[in-house]
Protein chains: 4
Amino acid sequence: MAPLNEEQLHQIRDERKEQIKAAALQVFARKGILSAKMSMIAETAGISNGLLYHYFKSKDELFTSLVQEAMAESEAALRSVYDMPGTPLERIRALTAEILNEDGTPYFMLIHQAATSDGVPEQVKEIQQQYSMDTYVDMLLPLFEEGQQAGELAEGDPRELIACYLSVLSGVMVINSNGSKVYQIPKADMLMRLVARK
Amino acid sequence: MAPLNEEQLHQIRDERKEQIKAAALQVFARKGILSAKMSMIAETAGISNGLLYHYFKSKDELFTSLVQEAMAESEAALRSVYDMPGTPLERIRALTAEILNEDGTPYFMLIHQAATSDGVPEQVKEIQQQYSMDTYVDMLLPLFEEGQQAGELAEGDPRELIACYLSVLSGVMVINSNGSKVYQIPKADMLMRLVARK
Amino acid sequence: MAPLNEEQLHQIRDERKEQIKAAALQVFARKGILSAKMSMIAETAGISNGLLYHYFKSKDELFTSLVQEAMAESEAALRSVYDMPGTPLERIRALTAEILNEDGTPYFMLIHQAATSDGVPEQVKEIQQQYSMDTYVDMLLPLFEEGQQAGELAEGDPRELIACYLSVLSGVMVINSNGSKVYQIPKADMLMRLVARK
Amino acid sequence: MAPLNEEQLHQIRDERKEQIKAAALQVFARKGILSAKMSMIAETAGISNGLLYHYFKSKDELFTSLVQEAMAESEAALRSVYDMPGTPLERIRALTAEILNEDGTPYFMLIHQAATSDGVPEQVKEIQQQYSMDTYVDMLLPLFEEGQQAGELAEGDPRELIACYLSVLSGVMVINSNGSKVYQIPKADMLMRLVARK
DNA sequence: CATGAATGAGCATTCATTCAT
DNA sequence: AATGAATGAATGCTCATTCAT
């Protein structure tokens, strides 16, 4: 009966969803949820306004689903540090460089938008409590402790050190995410001075 | 009642303007130009909606005038480093601490909003070209060169060092400006590691 | 596998049409033409959205065709009073009870919707002029006159009596059609007081 | 300071609110909450779309406030029967005639719309539980009991009699409210047969 | 100078209808 | 015949701006 088999339909749906998500990520990251216009997302995705609503019930749902993905993605990025070779400092440098270069910039920016803009859906606020800064700090704690014991990293409260490192990294990502050429993105080596033993 | 003379009228006008600017700075810095509502600014200033338009022709003009002020203000803040006592490194630390603590945060945030948000008036974009990052780099160049010669500051291209320092500082200001408790504001001492000689 | 012959196809087509009409009647009667959504009708009929348009050119056409059927149906219902046994009053009571109980309620409701809602197609308005209240009055006139002559029915202008009886009956159908439990449906015996001789 | 004194402003606000309510009552009563368009209400009231929202936060709030008023109004109308002269039957006839003639028709229709349409705000549903049919039955109970004791009214459960009377009355109001000339509004005397002793 | 009522353009969302498969 | 993806026009609501007082 069905003119397209299930598999084909499923594939179309998935492709469209990804296409929309990619467009929405771009727009949301740059503009925040309030300034981002659904029409802009539709245009970026190359589809009609109405079709957005076949795939996502609302702007809020679309935003929320992206934030969830971004959170998971950023967690995975940090976690990947444990699969890298080298000493703790080398691995932190590699992680830093990866984050700075990576095309994951929009994800960082989205998370920032979600944390600081108005008009953020309730559900996103709940997600944010799950993925607080502490979560990320905990994740990096073993690595930093190892680095301190090896004498590679600066001394002091490791949690504070990590929180500071992450804040600076986030800040750098954020101010560079809009493509404004006002700021200059620091090199990973320079940021290492923040955490390396003098 | 006795009619007010011109001078008195002028003074009232100036006071009102400052009152409005203070309110607008607060609101713009927190929300960005698009999310900030004129009604919110009026309410914060304790005046009526309509009165805003006696003093500023439009939202854009109000925003632009604030950005101009913020630019001048931030320039003055940087310039003040030359009036401070101590070695270059000590003076940079003092400047950093001042910026991080100071209530000038809204000005920084405004500049960031102006640099990265949508809906920014053309005139603001022109101002931004005047006050590019280079302007600030030039301003701090003598101090950093002195610090490098004294062996207090890290070696390498001083312009790059300054640009990196300013970017990190801006990033930290930005992510903390919305009062979101997600991030942790680093202490000045920690940021000094970025620029101090190891 | 064997291709269906024309007759079979025709039969399938007719069955589908009936299926759709049944679903549409339900939805239109409950919601009115504007609130009824084509998607709701499709879902109720258990078919896809698009298939509706193979059988009915538009929402308006579907609605119109239903109204036509409802008109004919209600006319037949009234006409059936002449096939009933008993005195005029007994027959009117039987007719009343039948209408109140019958599942023909949706048809009545549809006629009401057509008569009173917005967004009703032009063609429906034309049909309504054919089947005005007068049509129904004419239809019942012989029966009521017989009842008056037999001394069973209230005296006075029989046309007015019938019109009043039909209006009350319609009103009762309408307020009870949405399943709202706010109103109470009167029993046939009670309504008989309207027309019976005291 | 204020260019218009409080009283004048208050008066303007009140007039506008009444103007809007009158327009909205007309439109809501005729179309129901979903089909009624805010633009239609604005046009009927002779004001701009936006101004509606100075006076009522939303379509729902406007609708709700009207329903509340309608409920109170209808209650008062029924209650007024106790201030009338004459025997119970005479008073019921007077009440009936008043309701049928009165321009309160839109109020009845609005209550009907609220009871039977889709898209009715939650708050309205709560109000409806306060003002159920039972409320009205209770209100008329003493009068009907008195009428039954005086032998003027039909015998039987007085609550059922009242509920039936109110349902018929409501039905008649509803089918006549749209100005469709299909139905004929019965005279009060005819409706009295429903409740009068034979 | 000061107020707040009034306007209208802009955006999120819904839904009848079309069309490729 | 049948599906459901795709379109776009219509509508509720917000907000910068104007204007009568």
Quiz item: Can you name the residues that form a ring pair (Phe, Tyr, Trp, His ring centres under 6.0 Å) with D:F108, not counting sequence neighbours?
Solution: none
Quiz item: Hey, what do you get for CG (B:L52) to CZ (B:R16), rounding to the nearest 0.5 Å?
Solution: 10.5 Å
Quiz item: Picking from A:Q19, A:Q11, A:R13, what satisfies side chain to side chain donor-acceptor pair (under 3.5 Å) with A:E15?
Solution: A:Q11
Quiz item: Can you find a heavy atom in the side chain of C:Q128 that is under 4.5 Å from one in the side chain of C:M71?
Solution: yes
Quiz item: How do A:S48 and B:S35 order along DNA chain F: which one's closest nucleotide is nearer the 5' end?
Solution: A:S48
Quiz item: When the nearest nucleotide of DNA chain E is assigned to D:L51 and to B:R16 on a heavy-atom basis, which residue is associated with the more 5' position?
Solution: B:R16
Practice problem: Could you check if a side-chain atom of C:F28 sits within less than 4.5 angstrom of a side-chain atom of C:M109, using non-hydrogen atoms only? | Solution: no
Self-check item: Whole-Å distance separating the CD1 atom of B:I33 from the P atom of F:dC15
Solution: 15 Å
Show which side-chain atoms of residues 54-67 of chain A pair as donor or acceptor with protein atoms under 3.5 Å away, not counting sequence neighbours.
unit_1: A:S58; atom_1: OG; unit_2: A:D60; atom_2: N; d: 3.4
unit_1: A:S58; atom_1: OG; unit_2: A:E61; atom_2: N; d: 3.1
unit_1: A:K59; atom_1: NZ; unit_2: A:I33; atom_2: O; d: 2.8
unit_1: A:K59; atom_1: NZ; unit_2: A:A36; atom_2: O; d: 2.7
unit_1: A:E61; atom_1: OE1; unit_2: A:K57; atom_2: N; d: 3.4
unit_1: A:T64; atom_1: OG1; unit_2: A:D60; atom_2: O; d: 2.7

Practice problem: Give the rounded distance in Å between these two atoms: NE2 of A:H10 and C1' of F:dA5. | Solution: 15 Å
Quiz item: Any ion pair linking A:R30 and B:D118 (charged N to carboxylate O, less than 4.0 Å)?
Solution: no
Quiz item: Could you state the CD-C1' distance from A:E7 to F:dG4, rounded to the nearest angstrom?
Solution: 17 Å
Quiz item: Taking all non-hydrogen atoms of both residues, which atom of D:P106 and which atom of D:A29 are closest, and how far apart?
Solution: O-CB, 3.6 Å
Exercise. Check the distance between E:dA20's C1' and A:Q8's CD and give it to me in whole angstrom.
Key: 12 Å
Quiz prompt | Side chain to side chain, D:E7 and D:H10, heavy atoms closer than 4.5 Å | solution = no
Donor-acceptor pairs are to be reported for all side-chain atoms of residues 38-47 of chain C against protein atoms at under 3.5 Å, with residues two or more places apart or in another chain.
unit_1: C:T44; atom_1: OG1; unit_2: C:M40; atom_2: O; d: 2.8

Quiz prompt | Whole-Å gap separating P (E:dG4) and CD (D:Q11) | solution = 17 Å
Self-check item: Paired and unpaired positions of DNA chain E as dot-bracket, Watson-Crick or G-U wobble under 3.5 Å, | denoting a partner strand
Solution: .||||||||||||||||||||
Practice problem: Specify the separation, in whole Å, of atom CG of B:N49 and atom C1' of F:dC19. | Solution: 13 Å
Quiz prompt | Nearest-Å distance for atom pair CG/P, residues A:D14 and F:dA5 | solution = 11 Å
Quiz item: Taking DNA chain E as the partner, which of residues 36-47 of chain D come within under 4.0 angstrom of it by heavy atom?
Solution: D:I47
Self-check item: Whole-Å distance separating the CZ atom of A:R13 from the C1' atom of E:dT21
Solution: 16 Å
Quiz item: What's the shortest heavy-atom distance between B:Q113 and B:K31, and which atoms?
Solution: NE2-C, 4.0 Å
Quiz item: Can you list, by residue number, the residues of residues 52-61 of chain B that have a non-hydrogen atom closer than 4.0 angstrom to DNA chain E?
Solution: B:H54, B:Y55
